[in-house]
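The sequence lines fix the lettering, A, B, ..., with proteins before strands; numbering per chain opens at 1. Note that the structure is a prediction, hence the values are computed from the model and not measured.
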There are 2 protein chains.
Amino acid sequence: MENKLIRDLFLGFIRIHILFHAAKEPVYGTEFHEELKRHGYNVSFGTLYPIFHRLEKDGYIIAKKENINGKIRKYYSITEEGNAILKQAKEKANELVAELNEED
Amino acid sequence: MENKLIRDLFLGFIRIHILFHAAKEPVYGTEFHEELKRHGYNVSFGTLYPIFHRLEKDGYIIAKKENINGKIRKYYSITEEGNAILKQAKEKANELVAELNEED
DNA sequence: TTCTTAATATTGTAAAACGATATTGTAAAT
DNA sequence: ATTTACAATATCGTTTTACAATATTAAGAA
């Protein structure tokens, strides 16, 4: 990625974006990976999957295995707890950004 | 801190906030630490100082030692390169947050 | 000279990010 | 029926980062 500072910024957001998308519709790893790529964010599976696992372990998302064309996919959906934390995180994100946008 | 997800979000912003403040006036470690604390962000010196050092090494901020009441302080100011990256980072931050604020 | 204090610096450990590699499950090909 | 191909998830080993705790620095005060 372009720059470490911006990379860190993105990584701070990645969990929240997973929750955000999982709140709209079930998501799975490879699809999310592709979408990030489309938006210019390259994150490896070695980074991405452990994040999904951690979010699941923490109870923010829940997986449902599905057999799609003979391939197993794990579709993750947000939980109630995940929704609550997403709401908080959104507020915090807005707060942090608002500060940056104050008069220069 | 409250929650890892929100903690990560904050940590993604911390470098940018350092640059932001260093762009307005010279800042030093302990003062910045205190200000974060006042805003509810607890980050240890073992985290904070290496971040300052890294930003300096990367050429985004530059230190000027001053003797204040017999104590040495390192006042950091933003560099041109730092200003350029700060601008980029702000844009990226706004972009990332904007996406979260899209209709639910 | 020794004590105190504000500040910066470093150390050792635990956790995270990463690219690379391995594994899984099944449908299609042989 | 066995092998191959493929999409997808999972893990491994290394490097980097976060962290709390501890050490160091410098000089004015006692």
Side-chain angles (χ1 to χ4, degrees), chain A residues 1-18 21-22 26-38 40-58 60-77, chain B residues 1-18 21-22 26-38 40-58 60-77:
Chain A
M1 174 157 306
E2 26 199 346
N3 165 283
K4 172 161 185 356
L5 204 136
I6 290 175
R7 172 88 183 165
D8 282 350
L9 187 67
F10 162 68
L11 283 174
F13 270 95
I14 191 169
R15 287 165 185 78
I16 297 172
H17 271 105
I18 291 174
H21 281 98
V27 295
Y28 65 99
T30 301
E31 168 196 50
F32 193 75
H33 182 259
E34 277 306 310
E35 200 197 313
L36 289 178
K37 216 168 175 178
R38 248 182 284 122
Y41 301 112
N42 264 298
V43 61
S44 89
F45 285 112
T47 301
L48 191 56
Y49 280 116
I51 289 175
F52 271 95
H53 298 163
R54 175 67 191 265
L55 288 173
E56 185 180 25
K57 184 163 162 274
D58 289 348
Y60 298 147
I61 55 179
I62 188 168
K64 192 182 164 204
K65 289 189 187 182
E66 288 198 26
N67 185 322
I68 306 289
N69 298 330
K71 313 294 170 352
I72 296 298
R73 266 187 213 165
K74 285 171 81 172
Y75 277 105
Y76 290 96
S77 306
Chain B
M1 175 153 304
E2 23 201 347
N3 165 282
K4 168 152 187 4
L5 206 135
I6 290 175
R7 173 85 183 168
D8 283 351
L9 188 67
F10 162 67
L11 283 174
F13 270 96
I14 190 169
R15 287 165 184 81
I16 298 172
H17 271 103
I18 291 174
H21 280 99
V27 294
Y28 66 99
T30 302
E31 167 195 51
F32 192 75
H33 182 259
E34 277 306 308
E35 200 196 313
L36 289 177
K37 216 168 177 176
R38 248 183 284 121
Y41 301 112
N42 265 298
V43 60
S44 90
F45 285 112
T47 301
L48 191 56
Y49 279 116
I51 289 176
F52 271 94
H53 299 163
R54 177 66 192 266
L55 288 173
E56 185 180 25
K57 183 163 162 274
D58 289 348
Y60 299 146
I61 56 178
I62 187 168
K64 192 181 164 204
K65 288 189 188 182
E66 288 198 26
N67 184 324
I68 305 289
N69 298 329
K71 313 293 171 351
I72 298 296
R73 267 187 213 164
K74 285 171 81 171
Y75 277 104
Y76 289 96
S77 306

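- Within the 4.0 Å cut-off from OP1 or OP2 of D:dT16, not a single side-chain nitrogen or oxygen of B:R54 is found.
- Classification of the A:Y49-A:F45 ring pair by plane angle, with boundaries at 30° and 60°, yields parallel.
- Using a 30° and 60° split on the angle between ring planes, B:F52 and B:F32 fall in the perpendicular class, above 60°.
- The listed nucleotides are C:dT8, C:dA9, D:dT9; the one nearest the side chain of B:Y49 is C:dT8.
- The phosphate of C:dA9 (OP1 or OP2) has a side-chain N or O of B:K74 nearer than 4.0 angstrom.
- The distance from atom CD of A:E34 to atom CG of A:L36, rounded to the nearest 0.5 Å, is 9.5 Å.
- Taking OG1 of A:T47 as the reference point, atom NE2 of A:H33 lies at 9.0 Å (rounded to 0.5 Å).
- Distance check: B:R73 CZ to B:E31 CD gives 7.5 Å after rounding to the nearest 0.5 Å.
- With hydrogens and angles disregarded, no donor-acceptor distance shorter than 3.5 Å links the side chain of B:D58 to the backbone of B:Y60.
- Rounded to the nearest 0.5 Å, atoms NE2 (A:H53) and NZ (A:K74) are 5.0 Å apart.
- The nearest whole Å value for the distance from the OH atom in B:Y75 to the P atom in C:dA6 is 15 Å.
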key: Where protein sits on nucleotides 17-25 of chain C, one letter per nucleotide: B base, S sugar-phosphate only, - none, heavy atoms under 4.0 Å   = SBBB----B

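- OP1 or OP2 of C:dA7 has at least one side-chain nitrogen or oxygen of B:Y28 nearer than 4.0 Å.
- Taken to the nearest 0.5 Å, the CG atom of A:D8 stands 8.5 Å off from the CD1 atom of B:I51.
- Helix-axis bend for the helix from C:dT1-D:dA30 to C:dT30-D:dA1: the local axis fitted to the five terminal pairs at one end deviates from that at the other end by 30°, rounded to 10°.
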